[in-house]
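What follows is a short report on a single structure.
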Amino acid sequence: MKTFGRIVLGTAALGAATVGYAAAIERTRWTLREATVPVLAEGAPPLRVLHISDLHMMPGQRSKQRWVAELATLAPDLVVNTGDNLAHRHAVPGVVRALGPLLDLPGVFVFGSNDYYAPKPKNPVRYLTKSKKHIRGVPLPWKDLRAAFVERGWLDLTHVRRGFSVAGQPVVAAGLDDPHLRRDRYAEIAGQPDPSAALRLGLTHSPEPRVLDAFAHDGYDLVMAGHTHGGQLRLPGYGAIVTNCELDRSRARGASRWGAHTWLHVSAGLGTSPYAPVRFACPPEATLLTLVPRPESAAAPDEQAEASARFGAGANVR
């Protein structure tokens, strides 16, 4: 019985230490990931794209705001924001403060469910099942956030296909409203984008396979998404426990192939729900993607993007 008691106490202590680490340390262990993805047209010079997603900003999260603002020193050619910026009805100033220096750079965005509705407490078991029921909180001031982005020059790609220039190269990009809430209307952007563009880019908040299939069918080179939080809780040797969508666990974060032509990049995001403020084996992240031309020969089906991670200034500082 004494041995059993020690095992129980040890297990409880380990569990408490893990929760403490996930809530107090890793949740603010801001991380910059870097990846090289071969998606550009032959002969095109590289493009540097900063992917930001799932800020889930609350008022007073100054450490997050400072770290995100410092990302402007990377001087990316394009900033891509795939939604879920808000977690509170008074968080718009915090998001604008965080993204302020980046709003001076070319940028595109779509919104996610937590730009429209505040999070609410949920039974954690729901994340381990594929529940179709969505629990929505109070409406959030997404129109104010959109106005701030557009006023500074970022392009809202919600159900829009746009052609524009990035670092002197022609880019075609299109986006969807959040498929997680079934707000997507792909028919409004359907069709093959300009094949002469150096990059054909798709944006969606939730990387639902039905949406990814549509982008791939139309010939997009790269689709960027968020939503999954990389699983938020990952187990060593197993990876993400869930993705909170229909995407398989192996693609919960990072770059992977989707079909013969299209690449997918899923950001693990920078925030958490205020009702589940923990991350484990999945630090909050932004990603700097270096896009390069495709190899002359067809890429192997199991080819993966080269990736690395480094910790930025402000890590573990609240």
Side-chain angles (χ1 to χ4, degrees), residues 18-33 50-74 79 81-105 107 109 111-122 124 127 135-152 154 178 205 226-230 232-233 244 267-280 282-287 311-318:
T18 299
V19 172
Y21 166 80
I25 297 177
E26 184 158 328
R27 180 174 59 88
T28 55
R29 189 168 157 241
W30 317 118
T31 302
L32 176 67
R33 290 188 177 273
L50 179 65
H51 189 183
I52 292 176
S53 196
D54 297 86
L55 282 165
H56 291 281
M57 190 69 72
M58 294 284 289
Q61 291 184 325
R62 294 304 180 98
S63 171
K64 184 191 298 184
Q65 294 166 22
R66 288 193 300 269
W67 189 84
V68 172
E70 289 172 2
L71 294 173
T73 62
L74 298 170
V79 182
N81 182 313
T82 49
D84 270 13
N85 297 276
L86 304 173
H88 192 279
R89 65 182 183 276
H90 297 311
V92 170
V95 173
V96 174
R97 188 179 300 114
L99 296 176
L102 293 167
L103 291 170
D104 292 328
L105 302 172
F109 67 94
F111 283 151
S113 59
N114 285 138
D115 293 304
Y116 300 118
Y117 304 102
K120 291 188 69 175
K122 300 175 184 177
Y127 287 103
I135 300 176
R136 300 177 182 179
V138 298
L140 293 176
W142 66 271
K143 292 182 180 179
D144 294 342
L145 186 63
R146 180 188 183 278
F149 286 177
V150 171
E151 182 179 288
R152 296 286 294 275
W154 278 15
D178 190 6
H205 176 65
H227 179 71
T228 66
H229 294 200
Q232 190 160 327
L233 305 177
N244 196 27
S267 171
L270 282 155
T272 67
S273 165
Y275 302 106
V278 297
R279 293 183 76 116
F280 184 75
C282 188
E285 68 176 44
T287 308
F311 300 110
N316 303 331
V317 178
R318 293 201 184 179

If you apply the rule side chain to side chain contact (heavy atoms under 4.5 Å, CB included), what do you find for V79 with L71, and how did you get there? CA-CA 10 Å; V79 182; L71 294 173; over 6 Å; no
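- Looking at residues two or more places apart in sequence or on another chain, you find a side chain to side chain donor-acceptor pair (under 3.5 Å) between T82 and H51, S53.
- When all heavy atoms are compared, the tightest approach of S113 to D84 is N-OD1, 3.1 Å.
- The shortest non-hydrogen separation linking R279 to P284 is NE-N, 3.5 Å.
- Here the side chain of R62 pairs no donor or acceptor atom with the backbone of G94 at under 3.5 angstrom.
- In this structure, the side chains of T272 and V278 stay at 4.5 Å or more apart for every pair of heavy atoms.
- For the pair A87 and P119, the tightest heavy-atom approach, listed with the atom from each and the gap, is O-CD, 3.6 Å.
- E26 contributes a side-chain N or O that, together with a main-chain N or O of C282, makes up a donor-acceptor pair within less than 3.5 Å.
- In terms of modelled atom types and a separation under 3.5 Å, the side chain of T31 and the main chain of R29 share a donor-acceptor contact.
- Of all heavy-atom pairs spanning M57 and A91, the tightest one is O-CB, 3.1 Å.
- S63 approaches W30 most closely through the heavy-atom pair OG-NE1, 2.9 Å.
- Contact record, G60 with Q65: N-NE2, 4.4 Å, taken as the closest heavy-atom pair.
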What do the steps show when you test H56 against S273 for side chain to side chain contact (heavy atoms under 4.5 Å, CB included), and what is the final call? CA-CA 7 Å; H56 291 281; S273 165; 5.9 Å; no
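- Not one N or O on the side chain of D54 forms a donor-acceptor pair closer than 3.5 Å with the backbone of H229.
- With sequence neighbours excluded, the residues satisfying side chain to side chain donor-acceptor pair (under 3.5 Å) with D115 are N85.
- Between T287 atom OG1 and L50 atom CG the span is 8.0 Å, to the nearest 0.5 Å.
- In this structure, H205 NE2 and Y116 OH are separated by 10.0 Å, a value rounded to the nearest 0.5 Å.
- Ring pair W154/F149 is tilted by interplanar angle, where 30° to 60° counts as tilted.
- Listed for the K64 side chain is a donor-acceptor partner under 3.5 Å among the backbone atoms of L55.
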Apply side chain to side chain donor-acceptor pair (under 3.5 Å) to the pair T28 and W67, showing each step before the final yes or no. CA-CA 10 Å; T28 55; W67 189 84; over 6 Å; no
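- The NE2 atom of H90 sits 10.5 Å away from atom CG of L140, with the distance rounded to the nearest 0.5 Å.
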Before you tell me yes or no, could you show the steps for F109 and V150 under side chain to side chain contact (heavy atoms under 4.5 Å, CB included), namely the whole-Å CA-CA distance, both residues' side-chain angles and the distance that decides it to 0.1 Å? CA-CA 10 Å; F109 67 94; V150 171; 4.1 Å; yes
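- Note: F111 CZ to L86 CG = 7.5 Å, rounded to the nearest 0.5 Å.
- Formation of a donor-acceptor pair under 3.5 Å by the Q232 side chain with backbone atoms of A276 is found in this model.
- Remark: N114 pairs with no residue by the side chain to side chain donor-acceptor pair (under 3.5 Å) rule, at least two apart or across chains.
- L32 has its side chain within reach of L74: a pair of non-hydrogen atoms, C-beta onward, lies under 4.5 Å apart.
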